[in-house]
Amino acid sequence: MTITQPSSSPLSSELIARFKKIVGDRYALTDSADIKPYVTEERNLFRGHSPLVLRPGSTAEVSAICKLASEHEIALVPQGGNTGLVGGQTPHNGEVVVSLRRMDKIRDVDTASNTMTCEAGVVLQIAQQRAAEMDRLLPLSLGAEGSCTIGGNLSTNAGGTAALAFGVAREMALGLEVVLADGRVLNVLSRLKKDNTGYDLRNLFIGSEGTLGIITAATLKLFPKPRTIETAFVGLKSPAQALKLLTIAQGEASNALTSFELLAELAVDFSVRHGIDVRDPLREKHPWYVLMELSSSRDGGRAILETILTRALEDEIIDDAVIAANLTQRAAFWKLRDEISAAQKPEGGSIKHDISVPVAAVPAFIAEADAAVVKLIPGSRPVPFGHLGDGNIHYNVSQPIGANAADFLARWHDVNAAVFAIVLRMGGSISAEHGIGVLKRNELPDVKDKVAVELMRSIKTMLDPHAIMNPGKVL
């Protein structure tokens, strides 16, 4: 089954005027300078174009936009904070952009049911802060949290550094409000943890990258705010040793272990070299590092962390470690981790992968992938880092020193093929938390169950018969 792609012919002045009337002239952008931030993205990997950016302020306005677009088969690209990494939020073929940033209201915080209902344009960091003000925790946390939005997080099923303990975005959403392609509004904004009344429709839209409808609001789970947070930065010899440390940490800390990040020496070196006010917390360099964190509603986290590190030192699993003495040191540890992606830019071209394999397979994956990419492109520099606790590794490869960036990036799909072959052989996924977008769209049919792909296409056709919702993405 194929999905017809809508025409990208220019909008008539009459249709532009009708779209403008829905949101108001102030919130309809047609000037190229005003539109530019919405058609380019941070890495400058994808560049699009659009005749019109609409910035609705309510669900009713989004509904009216979709209804008009459906009637005239006008393609739409929903967009949140424009922080996506796979081109899913970019209007590649002149589509109309629907930016949800103005829909930034937190509608309700219910501390009795531990839920927060907010609109799609709420910035993740703002939602975190509001939860903290109510003595609660919204555990979704990722590097772009200062600019990414709740709608975008759910549309891509974002992961982040706390997925080990709390799961990915899907696990944090109790209910959604979604505008369908024809303008109908699906309201399943439930606060209930138990609702066994048929199909769980919210999960159709979480992770669908705006291809089935536009998420306009969500009800999110909140958790008790931790009373103690203990953070350690650890030096060790290999991912295999890091896996042993993880086993000890999970045994001692159980659910209190909320983050366990694995960092290659080169990743740390880049961050220290190019980051602002970033330094290695340890006295000597190590081949590998782990950033681990325990969060608990009770005292005693420090003692548990010390027990974990003492055991690991005695068993010669780790070589050195330091525990953050205060919030400033904790922030410094995390800043080093968060700067890794940006710190690769000064090193030239970088071919990136967001993969997952079974946790036990991570050391073997890294070893095999390193050997494969260096054989393919001699001198290339693997920069693996990521969430060892849930098997999600950002396997990035920086160009050889002195190489031409364009020539290196031209090998993107060759490197992908080598890395993905190892991932699939190990029972992994080519996209752990960033989504498919256009970057991995062509690979999807080769790596996903054929019946699953056919069902996805059928659902797409049913909900979006004119293929106006983020066309050309995912499928």
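- Between Phe333 and Phe233, the two ring planes are tilted [angle within 30° to 60°].
- Looking at every heavy atom in both residues, Ala127 comes nearest to Ile150 through CB-CD1, 4.2 Å.
- Heavy-atom neighbours of Arg47 CZ from other residues, nucleotides or ligands within 6.0 Å: at or below the threshold of 12.
- Side-chain contact between Pro239 and Phe365: absent, with no pair of heavy atoms (C-beta onward) separated by less than 4.5 Å.
- Side-chain contact check for Gln399 and Glu347: no donor-acceptor pair (N or O, by modelled atom type) lies under 3.5 Å.
- The side-chain contact (heavy atoms from CB on, under 4.5 Å) search around Asp449 returns Val451, Ala452, not counting sequence neighbours.
- Looking at heavy atoms from C-beta onward, Asp319 lies in side-chain contact with His286 at the 4.5 angstrom threshold.
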(message) Let's go through Glu41 and Asn82 carefully: what are the C-alpha distance in whole Å and the side-chain angles of both, what is the deciding distance for side-chain hydrogen bond (donor to acceptor under 3.5 Å, both in side chains) to 0.1 Å, and is it a yes or a no?
(response) CA-CA 6 Å; Glu41 43 86 46; Asn82 195 15; over 6 Å; no

(request) Any chance you could lay out the ring pair (Phe, Tyr, Trp, His ring centres under 6.0 Å) test for His387 and His394, step after step, and finish with the verdict? (result) CA-CA 8 Å; His387 323 302; His394 300 297; 5.2 Å; yes

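- Within a 6.0 Å radius of CG in Asp407, other residues, nucleotides and ligands contribute more than 12 heavy atoms.
- Counting non-hydrogen atoms of other residues, nucleotides and ligands closer than 6.0 Å to NZ of Lys345 gives a total above 12.
- For the pair Glu230 and Arg330, the salt-bridge criterion is not met [side-chain N within less than 4.0 Å of a carboxylate O].
- Surrounding CZ of Arg279 are at most 12 heavy atoms belonging to other residues, nucleotides or ligands under 6.0 Å away.
- Using a 4.0 Å cut-off between charged nitrogen and carboxylate oxygen, Asp338 and Lys335 do not count as a salt-bridge pair.
- Annotation for Met292 and Ile308: closest pair CE-CG2, 4.1 Å, computed over non-hydrogen atoms.
- Between Tyr395 and His353, the angle of the ring planes lies from 30° to 60°, which puts this pair in the tilted group.
- Between Glu119 and Arg102, none of the side-chain N atoms (NZ, or NE/NH1/NH2) sits under 4.0 Å from a carboxylate O, so this pair counts as no salt bridge.
- Ion pairing between a basic and an acidic side chain is recognised when a charged N comes within 4.0 Å of a carboxylate O; Asp320 and Arg283 show such pairing.
- Side-chain contact between Leu266 and Pro382 is absent, with no heavy-atom pair separated by less than 4.5 Å.
- The 12-atom threshold is not exceeded at CD of Glu316, counting heavy atoms of other residues, nucleotides or ligands nearer than 6.0 Å.
- Thr231 and Glu293 form a side-chain donor-acceptor contact under 3.5 Å, judged by distance and modelled atom types alone.
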